[in-house]
Amino acid sequence: MAAIQSPVPFNYVQHLMASGVGLPSRSPSPANLDGDAHTWDVARGISVFFKCGETVKKCFFRGDHLSLLRELFLKHFADMARRFSETTLPPFTIVHKQSRIIYEVETLTDLYPYCVLEVKLPKPASEVQVGRRDASVGYFAFQKQKLCFVMVGLPARGKSYISRKICRYLSWVGVPRAAFNVGSYRRARLGSQQSSNFFDPANDEGNRARLHMAIAALDDMLNWLNQGGKVAIYDATNSTSERRQMILNRCTKESVQVVFIESICNDQTIIERSIQETKLSMPDYQGIDPELAVQDFRRRIANYEKTYETVDDDVAYVKLIDVGRQVVVNRIESYVASRVIHFLMNLHTVSRPIWLTRHGQTESNTNNRIGGDSPLTLHGDDFAHALADWVESHITSQQTSSSGALTIWTSTLKSAVGTAQYINHPKLALRVLDEIDAGLCDGMSYDEMAEQLPDEYSARAADKLRNRDPGGESYSDIISRLWPVFFGLERQRQP
């Protein structure tokens, strides 16, 4: 059985490290993990679920060879039968019952009752889009018009930082988004190491070259939006009214709404820190003496200052002054733009680490049951001790002296509270972090769910992101529930 991906949970890694046992050299097969070569009777047959795309069908299989399993699949998926034969059909993948590792099915001993056998087909190139997430239309339902955020600001004002943050946020809520950085176009097509003279407004050749790069990025952005994208971020200085008007005119012709995001910073301490921490590592200054690089970059800023014009009040904009010390909003009407602005109001540039861990093993884990609020097992408690030791040796002594007191966030469930119980730091239990509510399926095993609620089991396998178990939540619901946590993490200045 060949493993496609074998993510090892953090608690498993830490438990092995704490007990002095090395990690396995390769991913074990399900048979090895169970200590049993067969989990079903070949003569009596087995109930399985076939999945292809978003279609799931329950079937009963009785056979002694994989070719018969493929034949059964093609019998129930006529469109696939027209495209593939038993020998050309892509391999089945299966999720191991205990470890949740995904494997390619190689023998019938890999099967177990009510397993989901999936055939994954690669998407045509025409359907692949940057930043696209298929099940994302729900959040964008309130935003009918395509949207473009246009960054504005002098160099070293955090425009690209803000752009990346917006992309990350929109990715989290499932909105198809992409960022188009004009500086990246310049480096790729004109070379990365351009001196400050290239950015002098009196340099006609440099002006023409930079305009061409801006147009190239704008063309690509509009093409991406026309091919299914929803929100684009146009990342450049865009420091003159003339340049911004060109962008606005092009977007308006394509029915794309524009919101300008201007980052204004007059705090020299923040500017100097930005230059030292980020700009010296840019491709523009690789291999150049740091002192000379700083001098050249300051001249680049001075060149932009010669022609810089702030955004006028006749357009939609948000102005972030001194990294969020003051936020000015004007003519914001769309839903997504208002959500992004709410997010931007929580941003800061203070660097702080964030650590994530799974809870230790619980009784529900050992019984392969969904949800529940069971306590830790002995192995789970061992992990809690190992985690506390790791925090003390790797975090407490090295981090908190310079970045503030460590705070532990947990859910209110016994598994999370128990995992954090031995860590000698303040703890905050948040109900919003509780695991997904499985509704009527809470406490069931996956086998029980497949046998008693086969329709729900099929729906879950077909669309795990949006499917909602009876009386419970979907993962889309979880995304909405976690908005306050996402904003809280952005506000947090301590580890």
Side-chain angles (χ1 to χ4, degrees), residues 7-16 18 95-101 172 353-392 395 405-449 452-453 456-457 460 464-489 491-492 494-495:
V8 182
F10 174 75
N11 56 352
Y12 182 54
V13 174
Q14 293 296 332
H15 175 70
L16 291 177
V95 178
H96 182 258
K97 196 174 181 180
Q98 298 292 337
S99 70
R100 316 310 296 170
I101 296 171
W172 167 254
I354 298 172
W355 294 275
L356 302 174
T357 179
R358 291 286 308 273
H359 62 71
Q361 184 189 67
T362 67
E363 294 174 3
S364 292
N365 296 149
T366 59
N367 296 322
N368 197 32
R369 295 196 173 274
I370 302 169
D373 189 15
S374 60
L376 298 177
T377 63
L378 290 177
H379 285 304
D381 192 66
D382 287 343
F383 169 64
H385 283 286
L387 178 63
D389 293 339
W390 187 86
V391 169
E392 183 64 29
I395 300 177
L406 175 69
T407 301
I408 309 298
W409 290 9
T410 74
S411 74
T412 62
L413 300 181
K414 296 174 183 176
S415 55
V417 173
T419 300
Q421 63 183 315
Y422 304 119
I423 301 175
N424 188 26
H425 286 281
K427 304 173 185 69
L428 183 63
L430 303 171
R431 188 173 297 277
V432 72
L433 291 177
D434 286 358
E435 292 185 3
I436 189 170
D437 184 353
L440 294 179
C441 300
D442 190 69
M444 283 186 173
S445 70
Y446 287 100
D447 286 351
E448 290 170 345
M449 183 182 180
Q452 299 174 27
L453 301 169
E456 293 300 328
Y457 191 86
R460 172 189 280 237
K464 197 168 184 179
L465 176 68
R466 290 174 292 192
N467 178 69
R468 184 182 293 113
D469 293 329
E473 294 178 296
S474 69
Y475 282 99
S476 292
D477 296 332
I478 293 290
I479 291 173
S480 298
R481 169 155 56 97
L482 288 176
W483 280 350
V485 175
F486 197 91
F487 289 177
L489 283 175
R491 286 195 303 270
Q492 188 77 7
Q494 296 176 339

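No hydrogens, no waters, no symmetry mates; every other heavy atom, side chains included, goes into these values.
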Applying salt bridge (Lys or Arg N to Asp or Glu O under 4.0 Å), can you list everything that pairs with E435, at least two apart in sequence or on another chain?
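Counting only residues at least two positions away or on another chain, E435 forms no salt bridge (Lys or Arg N to Asp or Glu O under 4.0 Å).
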Please say whether more than 12 non-hydrogen atoms of neighbouring residues, nucleotides or ligands are located less than 6.0 Å from CG in L378.
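For L378, atom CG is not crowded (no more than 12 foreign heavy atoms under 6.0 Å).
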What distance do [X] atom [atom1] and [Y] atom [atom2] have between them, rounded to the nearest 0.5 Å?
X	Y	atom1	atom2	result
Q421	H385	CD	NE2	7.0 Å
Y446	Y457	OH	OH	8.5 Å
I436	D442	CD1	CG	11.0 Å
M444	N368	CE	CG	13.5 Å
L428	T407	CG	OG1	7.5 Å
L465	R460	CG	CZ	12.5 Å

Please list all pairs passing the salt bridge (Lys or Arg N to Asp or Glu O under 4.0 Å) test where one or both residues lie in residues 369-379, with sequence neighbours left out.
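As it turns out, the salt bridge (Lys or Arg N to Asp or Glu O under 4.0 Å) pairs with a partner in residues 369-379, which skip direct neighbours, are R369-E448.
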Verify whether one side chain among [X] and [Y] offers a donor that lies under 3.5 Å from an acceptor in the other.
X	Y	answer
N367	S364	no
Q361	T377	yes
Y422	D381	yes

Hey, are the side chains of [X] and [Y] touching, using non-hydrogen atoms and a 4.5 Å cut-off?
X	Y	answer
T419	L376	yes
Y475	K464	yes
D469	M449	yes
L482	L433	yes
S411	R431	no
T357	L387	yes
H359	N365	yes

Is the W390 ring parallel, tilted or perpendicular to the W355 ring (thresholds 30°, 60°)?
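It falls in the perpendicular class, over 60°.
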Chi angles and distances behind the side-chain contact (heavy atoms from CB on, under 4.5 Å) call for C441, L453:
CA-CA 9 Å; C441 300; L453 301 169; 3.8 Å; yes
Is there a donor-acceptor pair under 3.5 Å between the side chain of D434 and the backbone N or O of T412?
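Yes; at least one donor-acceptor contact below 3.5 Å.
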Tell me if a side-chain donor or acceptor on E473 pairs with a main-chain N or O of D437 at a distance below 3.5 Å.
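Pair found, side chain donor or acceptor close to backbone of D437.
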Listed by chain and number, what are the side-chain contact (heavy atoms from CB on, under 4.5 Å) partners of S474, not counting sequence neighbours?
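By the side-chain contact (heavy atoms from CB on, under 4.5 Å) rule, S474 matches R468, S476, D477.
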Residue pair E392, I423: steps toward the side-chain contact (heavy atoms from CB on, under 4.5 Å) verdict:
CA-CA 8 Å; E392 183 64 29; I423 301 175; over 6 Å; no
